[in-house]
*Asks:* 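Once you've had a glance at the structure underneath, I'll fire off some questions.
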Amino acid sequence: MSSRLFDEDEDDGLSDEGLDVFAGFIVRPPRAKYTINDLGPTHDTIKNVRVTRQDFEVMNSRKLRLSCSIWEPQTEKQPGDPCVIYLHGNASCRSEALAIAPAVLPYGIKLVGFDFSGSGQSEGQYVSLGVFEKEDVGFVVNYVRQNNLAQDIALWGHSMGAATALMFIGSIPNPPVSCAIYDSAYASFEKLAEGFVDQLQLPSGLPKKLVLSIGVRRVRKVVKAKADFDINDVNPLKHAKSIKQTPCKFIHGTKDDVVEYVNAEALFKAYGCPDKELVKVVNGEHTPMRPRSVEDRALSLVLRTLLPVVAYLTTLKARANHHLVEGDVENSTTLFTFIIGDAERLLNQPDEEDEENQEDEEEQPSLAAATLGPSDDETVKPSASKRFFSRRFQKKEEQPTLRQVSAESKRKLFSFRGKDTLKFQSKRLGAMKLSEVKADIDKPIITPLSEDQKRDLKALLIAVYGNRSLAHLLIERGEEALADANKALNLNEKWIRGYHRKASALKLMGRLDEARAAIEKGLDIDPNNQALIDLLKALRENQS
């Protein structure tokens, strides 16, 4: 940074030129440049789901055109026509929405991305760090609804986009969104300015605190003159306190050198809605590209708040199945575990009059507020889901991934799994480490279930037990695989795949006579089941 930016005669050491550079750094960062082709084809396929893209424009209150896109999965329409509106970071654009496309589009959730005014291809000369951008959000939300592009909406923002989401939701009494994901949000301009000053490379002897205390006041005047907004209005922390009904997840990396982690802690503490969670991403940086387990956590909230309960868990099961097919045993097992936790709680929930007597009962962990993925020195606070039930956390034993499974182990497993054989990829999967999850969620609301919902949930629970049993088999956890197979069969003793899973687990543990008995019991129900016939043949070959 040139020495001309600093002047010893000024109280804060900033020259007029330095002041102008500082202000320009705030209101006119480098503008993201891209072409429409950078948004991908208008017809694409993600995880075997056809996706179309439609581009449109929205006019805001300042008569500035906003460039927008909506990606729509060509699947059976989800209840409520759900959609995630993605809010990009500073000096970025709508193409950033593509970072979360694989996490939402394959599961029937639409995705909208747009350029804030002053960003990307939208009109406008300056950005305002959320002051004017929050108005842009309102116009896009209204357009999406009024034009029947979607109805039930979640916001997902990164950096300036996350701060804007906080300011938008906190500025209106009844925000038209079901939930929000705040990734790398800053708490206030003062907190953000600390990072700006660090990047100015102050001369030695010029105190940082002096620049912040006096320089920011001077910059405020320049910004007001340039971009017609008050930097004191950049205050997501103030708005967070007024948000009472919007569930959220805060995500922040510990190595974020643009917006420090302390911002997330302050916002989480101030956030007014008790259905909240802070996900601390160990060694995570200032990026919208998050590991798969972080996406799982965010997606679980989006699905839980946008979809009816059976659709929520069924869609989450599809996500876990995708992990399993791609060889990500660790994350699939974790998702299956928490699906089971929510499904069992819903099926076994007490009557409303009995709820007060069961407040202190221990519960299984749930996706609403629990750790996904392995963790180091994991500490979590007890919490409860606003929508479901009281939760408790249990420290998870770190499990080996498929990459740690020997070729011989895989050969033994696949040699008798018949039609259940899956294809696994050897590429590195997005495993990550979470150190701490803080949750503070109020007393839950009981969700009454119809008989049809109970029936559907029971069928889902059986299938998930079976899939988790398979995941355990793939990492040679025979006891766990057997336990899950037995749980599935306890719910439905005629479920043929349960006998296949049970026999496979027993074979893995060397209990061959019991494995044969399980196969024969299954064949008594379905004598022509080829998977069981093949497994019995493999068992006989092993014994010969």
Side-chain angles (χ1 to χ4, degrees), residues 317-318 320-337 339-341 343-344 397 399-424 457-544:
K317 170 177 168 283
N321 287 345
H322 277 144
H323 293 348
L324 190 59
V325 170
E326 293 174 356
D328 188 354
V329 179
E330 183 177 304
N331 282 320
S332 67
T333 302
T334 302
L335 271 183
F336 288 141
T337 297
I339 294 168
I340 289 168
E344 287 188 334
E397 178 183 351
Q399 301 177 9
T401 64
L402 188 68
R403 293 188 299 276
Q404 298 169 301
V405 178
S406 67
E408 175 62 19
S409 297
K410 284 184 280 188
R411 186 195 65 76
K412 288 191 294 182
L413 284 171
F414 289 119
S415 66
F416 62 82
R417 287 180 49 243
K419 294 182 179 180
D420 288 334
T421 300
L422 303 176
K423 295 181 179 179
F424 288 86
L457 273 179
K458 183 178 177 181
L460 175 101
L461 188 56
I462 292 168
V464 174
Y465 271 129
N467 289 356
R468 192 174 68 171
S469 177
L470 172 59
H472 285 313
L473 283 169
L474 292 171
I475 51 177
E476 297 189 299
R477 295 171 68 101
E479 292 288 350
E480 290 85 348
L482 177 60
D484 279 345
N486 283 331
K487 288 175 182 177
L489 289 171
N490 286 339
L491 291 170
N492 183 359
E493 63 179 7
K494 294 185 178 181
W495 192 57
I496 296 300
R497 189 171 295 178
Y499 292 101
H500 191 283
R501 297 282 188 266
K502 180 175 182 177
S504 299
L506 290 165
K507 179 178 182 293
L508 180 65
M509 293 186 289
R511 294 158 60 177
L512 302 185
D513 291 339
E514 293 175 77
R516 180 193 294 272
I519 295 172
E520 291 174 346
K521 191 168 183 179
L523 289 174
D524 287 342
I525 299 169
D526 182 4
N528 298 317
N529 186 275
Q530 193 59 48
L532 287 175
I533 293 172
D534 291 342
L535 181 55
L536 182 59
K537 180 180 179 181
L539 193 64
R540 288 169 175 166
E541 290 175 354
N542 280 7
Q543 290 180 307
S544 61

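Atoms considered below: every heavy atom in the structure, side chains included; atoms not considered: hydrogens, waters and symmetry mates.
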*Asks:* Determine yes or no for a side-chain-to-main-chain donor-acceptor pair under 3.5 angstrom, with Y499 supplying the side chain and E493 the backbone.
*Replies:* yes
*Asks:* Kindly compute the distance separating CZ (R497) from CG (N467), expressed to the nearest 0.5 Å.
*Replies:*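 The CZ atom of R497 sits 7.0 Å away from the CG atom of N467.
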*Asks:* Give me the atom names and distance for the closest heavy-atom approach of G498 to A485.
*Replies:* O-CB, 3.8 Å
*Asks:* Let me confirm one number: the NE2-CG distance from H500 to N529, rounded to the nearest 0.5 Å.
*Replies:*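 Reported value, rounded in 0.5 Å steps: 7.5 Å.
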*Asks:* If you round to the nearest 0.5 Å, how far is CG of L535 from CD of Q530?
*Replies:* 11.5 Å
*Asks:* Taking T337 for its side chain and T333 for its backbone only, find out whether a donor-acceptor pair lies under 3.5 Å.
*Replies:* yes
*Asks:* Could you tell me if the side chain of R540 sits less than 4.5 Å from the side chain of R516, heavy atoms only?
*Replies:* yes
*Asks:* Applying side chain to side chain contact (heavy atoms under 4.5 Å, CB included) to D328 and E330, what does each step give before you reach the verdict?
*Replies:* CA-CA 6 Å; D328 188 354; E330 183 177 304; 4.1 Å; yes
*Asks:* Specify the closest pair of heavy atoms between L532 and I519, including all atoms of both residues, with the distance to one decimal.
*Replies:*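 Shortest heavy-atom contact: O-CG2, 3.6 Å.
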*Asks:* To check you understand the geometry: which heavy-atom pair defines the closest contact between A505 and G478, and what is its length?
*Replies:*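 Looks like CB-O, 3.7 Å.
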*Asks:* Atom NE2 of H322 and atom CG of L335: how far apart are they, to the nearest 0.5 Å?
*Replies:* 12.5 Å
*Asks:* Compare every heavy atom of L473 with every heavy atom of S504, then report the nearest pair and how far apart it is.
*Replies:*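 Minimum heavy-atom separation between S504 and L473: CB-CD1, 3.7 Å.
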*Asks:* Taking the side chain as C-beta and beyond, is there a heavy-atom pair between F336 and N321 under 4.5 Å?
*Replies:* yes
*Asks:* Would you give the length of the straight line joining atom CG of L324 to atom CG of N331, rounded to the nearest 0.5 angstrom?
*Replies:*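 Result: 11.5 Å between the selected atoms.
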*Asks:* Mark yes when over 12 heavy atoms from residues, nucleotides or ligands other than D513 sit less than 6.0 Å from its CG; otherwise mark no.
*Replies:*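 Open: at most 12 neighbouring heavy atoms sit under 6.0 Å from CG of D513.
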*Asks:* Apply the side-chain contact (heavy atoms from CB on, under 4.5 Å) test between L482 and each candidate in M509, R501, K487; give the one that qualifies.
*Replies:*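 Among the candidates, only M509 passes.
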*Asks:* Of all the heavy-atom pairs spanning E476 and L508, show the shortest one and how long it is.
*Replies:*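 Here E476 and L508 meet closest at CA-CD2, 3.7 Å.
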*Asks:* Looking at every non-hydrogen atom in both residues, tell me the closest pair between A343 and L461 and how far apart they are.
*Replies:*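 That closest heavy-atom pairing would be CB-CD1, 4.0 Å.
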*Asks:* Distance check, rounded to the nearest 0.5 Å: D484 atom CG versus E479 atom CD?
*Replies:* 12.0 Å
